[in-house]
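Below is one structure; the comments refer to it alone.
In what follows, chains carry the letters A, B, and so on, assigned in the order in which the sequence lines appear, proteins first and then strands, with residues in each chain numbered from 1. Predicted, not measured: the structure shown is a model, and the values here were computed from it.
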Protein chains: 2
Amino acid sequence: MNGAQGRPLRADAARNRARLLDVATEVFTTRGVGVPTEEIARAAGVGVGTLFRHFPTKEALLEAVMVGRLESIAARTARLAAEAGPAEAFFGCFRLVIDQSAGKNEFARALAAAGVDAHAALQESSQVIQAQLAELLTGAQQAGAVRPELGLPELIALLVGTSTAMEHLGSDPAARERIFEVVFDGLRPR
Amino acid sequence: MNGAQGRPLRADAARNRARLLDVATEVFTTRGVGVPTEEIARAAGVGVGTLFRHFPTKEALLEAVMVGRLESIAARTARLAAEAGPAEAFFGCFRLVIDQSAGKNEFARALAAAGVDAHAALQESSQVIQAQLAELLTGAQQAGAVRPELGLPELIALLVGTSTAMEHLGSDPAARERIFEVVFDGLRPR
DNA sequence: CGATAACCTGAGTCGCTAGTCCGATTCTAG
DNA sequence: CTAGAATCGGACTAGCGACTCAGGTTATCG
């Protein structure tokens, strides 16, 4: 994550940075991006100054959190894609992305709203995932498991949409499953 | 909307109120709820004082905008439901709600975030629509056009999700149509 | 065990925005 | 046309939250 630029962080600094990221991920995900920075600093047991030393901007903190989540998703997706046939891999990854994306939509909005559409680091991880998704999609399409007329933009829109639908459903597992059935059946060829 | 309480508004006051609502609807929908109140007042050609005279709170303004949109949707839904068979009515209203809901999701969030979940006026219009949707749903299910295991919560989640998916697609009509096909096919019985 | 550079702290600054207040400005009844 | 009540305008206040800085603290190296 921290590309090991220049010199290594001092031990306590590295600890604080990691703690900050953990807490921020937790807080932003469960309570939204509107939570004040000071509260995150307190929850991590450091002063605001420390937070801003590591992440010069609230936006930078959001971005770091986002990159972490994206990288985690990319890793799991890669593993899953290697272990299953085209159809299972595709639908399995669809589920995975949805399950891992609680609150992620709000992040993306906040970042998009705050100036540049997406910074370099973000765009990179994002493109890794998009490439994976594209490959899964064409694989599943060639296997006859997904409608051939769909492209990557539609897939992404459906992922975001399904994620939002799940957020509005609370955590009733049966209802979630019904949503998955609707979407998956709709994705299959006529 | 303004339930004709007490005395009628003075002519200029009524004009200003309507203008304010129009502008707010436009601005909030296209640029999000973060736009400062003062900007809305200026765009409507009045001072902030006037805005706050008519809507004592920014939240109240949001709510008024929301109620207006909900009422408009409810009216169109009712018309459409009366003029078509169960299946056409159901799918037609689904489209209608999606088309009319640009930016509405953000409203709902903002309101939910700002204190009480939904105020009286909002809840009323919202329940009108929910009742309509419930009726359309069971009608379509009895006609065998929609999977019988789906309930109103799932339908609403799908509406919100589809709306979000559309937002992420820009305005490419062909792609929008493909999303509709996926969702509609998924809604039909196995 | 110092010496020193890196790091931490948190009160304070700055900018932004929701909401107030009252003199100035219409509208409308008669 | 005129009184006067309703309405308007927009400078002003209050409060919040992102970000800074002048010390005090601590890891690390020789």
Could you tell me whether the phosphate oxygens of D/dT7, OP1 or OP2, come under 4.0 Å of any side-chain nitrogen or oxygen in B/H54? no
Is A/H168 close to B/I156 at the side-chain level, that is, under 4.5 Å between some pair of heavy atoms? no
Distance, rounded to the nearest Å, where A/F55 contributes CZ and D/dA18 contributes P: 15 Å
Separation of A/L20 atom CG from C/dC8 atom P, in whole Å? 9 Å
Nearest-Å distance, CG (A/L9) to C1' (D/dA27)? 12 Å
Can you sort out which residues in residues 43-52 of chain A have a heavy atom within less than 4.0 Å of DNA chain C? Ascending by number, please. A/G45, A/V46, A/G47, A/V48, A/G49, A/T50
Does CD in B/E135 sit with more than 12 non-hydrogen atoms of other residues, nucleotides or ligands closer than 6.0 Å? no
Is there a side-chain contact between B/I129 and B/V97 in this structure, where contact means two heavy atoms from C-beta onward sitting under 4.5 Å apart? no
Residue closer to the 5' end of DNA chain C, B/G34 versus A/D12 (nearest nucleotide): A/D12
From NZ of B/K58 across to P of C/dA18 the rounded distance in Å is 4 Å
4.5 Å side-chain heavy-atom contact, A/L136 and A/F94: no
Over how many whole Å does the gap from A/I40 atom CD1 to C/dT9 atom P extend? 16 Å
OP1 or OP2 of C/dC8 less than 4.0 angstrom from a side-chain nitrogen or oxygen of A/N16, does that happen here? yes
Lys/Arg cation over aromatic A/F91: A/R188, 6.0 Å, 45° cone: yes
Measure CZ/B/R10 against P/D/dA6 and give the value in whole Å, please. 9 Å
Of B/A11 and B/E38, the one whose nearest nucleotide on DNA chain C sits closer to the 5' end is B/E38
Does A/R53 have a side-chain nitrogen or oxygen under 4.0 Å from the phosphate oxygens OP1 or OP2 of C/dC7? yes
Between atom CD of B/Q132 and atom OG1 of B/T77, what is the distance when rounded to the nearest 0.5 Å? 5.0 Å
What is the distance, to the nearest angstrom, from the CG atom on A/L62 to the C1' atom on D/dA18? 12 Å
Chi angles and distances behind the side-chain contact (heavy atoms from CB on, under 4.5 Å) call for B/E39, B/V27: CA-CA 9 Å; B/E39 199 169 324; B/V27 171; 5.8 Å; no
What integer distance in Å separates A/R19:CZ from C/dC7:P? 19 Å
